[in-house]
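I have placed the structure first, in the form of structure tokens, so that the comments after it can refer back to it.
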Amino acid sequence: FQPTIHPLDASLAPNDLAAFWMPFSANRSFKQRPRLVVGAEGMHYLTGEGRRVIDGAAGLWCCNAGHCREPIVKAIQGQAARLDYAPSFQFSHPEAFTLAARLAALAPGDLDHVFFANSGSEAVDTALKIALAYWQARGRGSKTRLIGRERGYHGVGFGGISVGGIVTNRKAFGTLLTGVDHLPHTYDRDRQAFSRGEPDWGAHLADELERIVALHDASTIAAVIVEPVAGSTGVLPPPKGYLQRLRAICDKHDILLIFDEVITGFGRLGTAFAAERYGVVPDLMTFAKGVTSGTAPMGGVIARAPIHDAFMQGPEHTIELFHGYTYSAHPLACAAGLATLDVYRDEGLFGRAAELEAAFADAVHGLKGLSNVLDIRTVGLAAGVDLAPKAEGPGRRGYDAMVAAFHDHDMMLRVAGDTLALSPPLIVTEGQIGELVEKLGKTIQAVA
Ligand SMILES: Cc1ncc(COP(=O)(O)O)c(CNc2cccc(C(=O)O)c2)c1O
């Protein structure tokens, strides 16, 4: 494994670190002992001192094809030399249309139209705006209320944190969008402990939507947005039947159902999208992350044909939706996306993830009984391991585990508070699943 770039961190003096204000990070602690990677290949990162670190998080749930995959690298290199940038406002380039068609073909039902953004957060805000504008276009503009869910994560836009349900992502930013309600989350440790896949208990929690409808009336409600599997909050799979009940209630009351599939899309659950795994077709679906295997920023919304078609009215020279981004359908991201979908298809990575789900669950659930392990949840190739908080407060044990995993056990790990999350690239082997779980066990013991 010979990186073509020189290790950078050896040349980074402490004061070189000051300028970068890192996102969602403990900046001061990081800059005292940086965790830098200078290269990556397949399942591994490379550090400046030559350590190979196994990627238990697929970067940030995004590198589903693994790192530096040659077809994707070459596609980006070629596009950068051929078409560095093209606008998609009133003009565009062929790969935007080819990628949109391929994404629509991967999505179930008549989810046939793709609006491109550059991140999951932008995809979420796009979906929320499309939902609101759709009811306007249908002459039912009183339907403006948006319904999220407790513990939901929908990125960091004002729309996303308003419908989101994680208090630390909300409390510092003022009043947020008004006209937002939240469904209860679906996790109950006493009734669902150590569940594999979708827990048996909890489908009835979808009926809480009926209470919200009874309070506000359907004539005021535009959409419900949920992650099919709540990821960032610590991997909460939907109770059996829950999503199907949400769909039925939304149909009954003419409420749009939005699936935020930024994490669940592109094989994480053993299918192209969670919508396929659960047999539920949402009206709008957001995606990001795996669409380019993390190699280029991209996100977007896949819309059902009736939603898209409702905008296609009025004089043909007029703009139908006043929304979009400079980098929507960016040529580099489109090239990366097309190559990534080729890799998923040619290597059968979605089906491969489905085949590995049971072995992955067996391995991770083998951690039950270790110090401080309160619960384990697995679904597809994603897992959450809840640790008991340290006496000094929530989050410390999780943080220490992340640091120990990287520095002492050569593993990159994501944590949500005191929950350790595993979401390896879909190219992971059974042997590497064992290695990840062994390292996770050592990490858990190290922070006991
Ligand atoms: C469901 C969902 N929706 C939107 C976003 C926002 O995507 P962007 O970050 O590209 O704007 C996400 C992102 N989810 C996310 C991002 C970074 C870290 C972690 C973690 O759980 O460690 C999760 C997500 O999981």
Side-chain angles (χ1 to χ4, degrees), residues 22-26 35 55-64 116-128 146 148-166 168-170 185 224-238 243 258-266 268-269 273-275 282 284-302 325 327-328 330 333 336-337 377 379-386 395 398-399 401-402 405-406 411-424:
M22 298 170 67
F24 271 114
S25 297
R35 292 180 293 278
D55 184 3
L60 288 180
W61 308 80
C62 50
C63 307
N64 293 5
F116 285 113
N118 306 289
S119 67
S121 299
E122 288 185 356
V124 164
D125 277 8
T126 299
L128 298 176
L146 300 168
R149 185 170 62 186
E150 296 167 345
R151 296 191 62 173
Y153 183 71
H154 300 292
V156 294
F158 274 98
I161 61 175
S162 298
V163 295
I166 297 175
T168 47
N169 297 348
R170 301 163 53 91
H185 65 74
V224 171
I225 180 169
V226 293
E227 301 160 85
V229 172
S232 300
T233 190
V235 186
L236 303 180
L243 295 174
I258 304 171
F259 274 4
D260 186 347
E261 294 229 28
V262 167
I263 277 184
T264 54
F266 306 102
R268 183 58 52 199
L269 302 183
F273 293 103
L284 296 167
M285 175 196 282
T286 59
F287 67 89
K289 293 185 187 284
V291 64
T292 60
S293 193
T295 59
M298 178 175 259
V301 178
I302 309 180
Y325 305 91
Y327 297 137
S328 287
H330 191 288
R377 296 172 298 281
V379 61
L381 290 189
V385 179
D386 292 351
Y399 182 77
M402 178 190 65
F406 184 81
M411 172 170 64
M412 189 178 283
L413 189 62
R414 288 299 301 164
V415 296
D418 293 311
T419 299
L420 315 184
L422 267 188
S423 59

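Because only heavy atoms are used, hydrogens play no part in the values below, and waters and symmetry mates are left out as well, while side chains stay in. Numbering of residues begins at 1 and proceeds along the displayed sequence. Note that ligands are numbered from 1 as they come in the structure, with each ligand's atoms numbered from 1 the same way.
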**Message:** For the residue pair D386 / T419, report whether a side-chain donor-acceptor contact shorter than 3.5 Å exists.
**Reply:**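 Distance-only check passes for T419 and D386.
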
**Message:** Could you work out, for atom 8 (P) of ligand 1, the closest of S232, G120, G231 by heavy-atom distance?
**Reply:**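 It is G120 whose heavy atom sits nearest to atom 8 (P) of ligand 1.
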
**Asked** atom 3 (N) of ligand 1: which of V156, T233, D260 has the nearest heavy atom?
**Response**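 Looking at heavy atoms only, the winner is D260.
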
Per-atom contacts, ligand 1 versus [X] - under 4.0 Å to a heavy atom:
X    : result
E227 : 1 (C)
I263 : 25 (O)
L60  : 17 (C), 18 (C)

Can you name the nearest heavy-atom pair linking [X] to [Y], along with the distance?
X    : Y    : result
M402 : V415 : CB-CG1, 4.1 Å
P238 : V229 : CD-CG2, 3.7 Å
V226 : H154 : C-CE1, 4.0 Å
Y153 : D260 : O-OD2, 3.7 Å
F266 : N64  : O-ND2, 2.8 Å
A275 : P282 : CB-CD, 3.8 Å

What protein heavy atom lies closest to [atom]? Include the residue and the distance to one decimal.
atom                    : answer
atom 11 (O) of ligand 1 : S121 OG, 2.5 Å
atom 12 (C) of ligand 1 : Y153 CE2, 3.4 Å
atom 20 (C) of ligand 1 : W61 NE1, 3.1 Å
atom 15 (C) of ligand 1 : K289 NZ, 3.3 Å
atom 22 (O) of ligand 1 : R414 NE, 2.5 Å

**Message:** Heavy atoms only, cut-off 4.0 Å: how does S119 contact ligand 1, side chain, backbone, both, or neither?
**Reply:**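 Both the backbone and the side chain of S119 come within reach of ligand 1.
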
**Flag side-chain contact, heavy atom, 4.5 Å: L284 against I225** =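 Side chain of L284 against side chain of I225, heavy atoms only: no contact under 4.5 Å found.
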
**Message:** Looking at ligand 1, would E122 count as a contact under a 4.0 Å heavy-atom criterion?
**Reply:**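 Not so, E122 does not reach ligand 1.
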
